[in-house]
Amino acid sequence: MSNSVDAEGDPIPTSAVLMASAKHIATRCRAENVAFLKCKKEDPNPEKCLEKGRQVTRCVLGLLKELQRRCTKEMDAYAGCMYYYTNEFELCRKEQKEFEKACPFD
């Protein structure tokens, strides 16, 4: 995997990074995701839920920055493994364990 951060040092939310961070995202951004899904269910007009979608995006990007800052080596190793093995969790359990040990769920 080339680099998991951009020029400013912010994580690039590739599929591998998002898959590696999925449990953290589910825990930390649950309220924002539920609000967005509820909005989508109540109103089929996509325009009505744009702000809720932005809130989800802000939550996820903020979380990725925090994870990158707190456990850079473990996150990069896990996301790199997920990238190499095309997001196959089973092939990256060792890296997953180290990442979750270094950055436990809130």
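Note: hydrogens, waters and symmetry copies are ignored here, and every other heavy atom, side chains too, is used. Start at 1 with the first residue, then count along the sequence.
Of all the heavy atoms in Cys71 and Ala102, the pair that sits closest is CB-CB, 3.9 Å. When all heavy atoms are compared, the tightest approach of Lys101 to Pro104 is O-CD, 3.8 Å.
For the atom pair Gln68 CD and Leu63 CG, the distance stands at 11.5 Å (nearest 0.5 Å). Between the CZ atom in Phe89 and the CE atom in Met82 there is a gap of 4.0 Å [rounded to 0.5 Å]. Here the CD atom belonging to Glu74 is positioned 7.0 Å from the CD atom belonging to Glu98, to the nearest 0.5 angstrom. Taking CG from Leu91 and OG1 from Thr86, the interatomic distance works out to 9.0 Å, rounded to the nearest 0.5 Å. Going from atom CZ of Arg70 over to atom NZ of Lys65 covers 16.0 Å, rounded to the nearest 0.5 Å. Atom CD in Gln55 sits 10.5 Å away from atom SG in Cys49 (nearest 0.5 Å).
The ring pair (Phe, Tyr, Trp, His ring centres under 6.0 Å) search around Tyr78 returns Phe99, not counting sequence neighbours. Scored by the side chain to side chain donor-acceptor pair (under 3.5 Å) test, Arg93 finds Glu90, Gln96 as partners (sequence neighbours excluded). With sequence neighbours excluded, no residue forms a side-chain contact (heavy atoms from CB on, under 4.5 Å) with Ala31. Listed by chain and residue number, Leu61 satisfy the side-chain contact (heavy atoms from CB on, under 4.5 Å) test with Thr57 (two or more places apart in sequence, or in another chain). Applying the side chain to side chain donor-acceptor pair (under 3.5 Å) test to Glu32 and every residue at least two apart in sequence or in another chain returns nothing. Listed by chain and residue number, Glu66 satisfy the side-chain contact (heavy atoms from CB on, under 4.5 Å) test with Arg69 (two or more places apart in sequence, or in another chain). For Ser15, the side chain to side chain donor-acceptor pair (under 3.5 Å) criterion is met by Asn87, not counting sequence neighbours. Scored by the salt bridge (Lys or Arg N to Asp or Glu O under 4.0 Å) test, Glu100 finds Lys23 as partners (sequence neighbours excluded). Legend: residues meeting side-chain contact (heavy atoms from CB on, under 4.5 Å) with Tyr84, ordered by chain and number and at least two apart, are absent.
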(message) One pair to check against salt bridge (Lys or Arg N to Asp or Glu O under 4.0 Å): Glu51 and Arg58. What are the steps and the verdict?
(response) CA-CA 10 Å; Glu51 183 52 37; Arg58 272 193 299 273; 2.9 Å; yes
(request) List the steps and the verdict of side-chain contact (heavy atoms from CB on, under 4.5 Å) for Val17 and Leu64. (result) CA-CA 8 Å; Val17 169; Leu64 292 178; 3.9 Å; yes
Using atom types as modelled, flag every donor-acceptor pair under 3.5 Å from a side chain in residues 33-47 to any protein atom, sequence neighbours excluded.
from  : atom 1 : to    : atom 2 : distance (Å)
Asn33 : ND2    : Cys29 : O      : 3.2
Asp43 : OD1    : Asn45 : N      : 2.9
Asn45 : OD1    : Glu47 : N      : 3.0

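The backbone N or O of Cys103 lies less than 3.5 Å from a partner atom in the side chain of His24, making a donor-acceptor pair.
A 6.0 Å sphere centred on CZ of Arg30 holds no more than 12 heavy atoms belonging to other residues, nucleotides or ligands.
Leu18 places a side-chain heavy atom less than 4.5 Å from the side chain of Val60.
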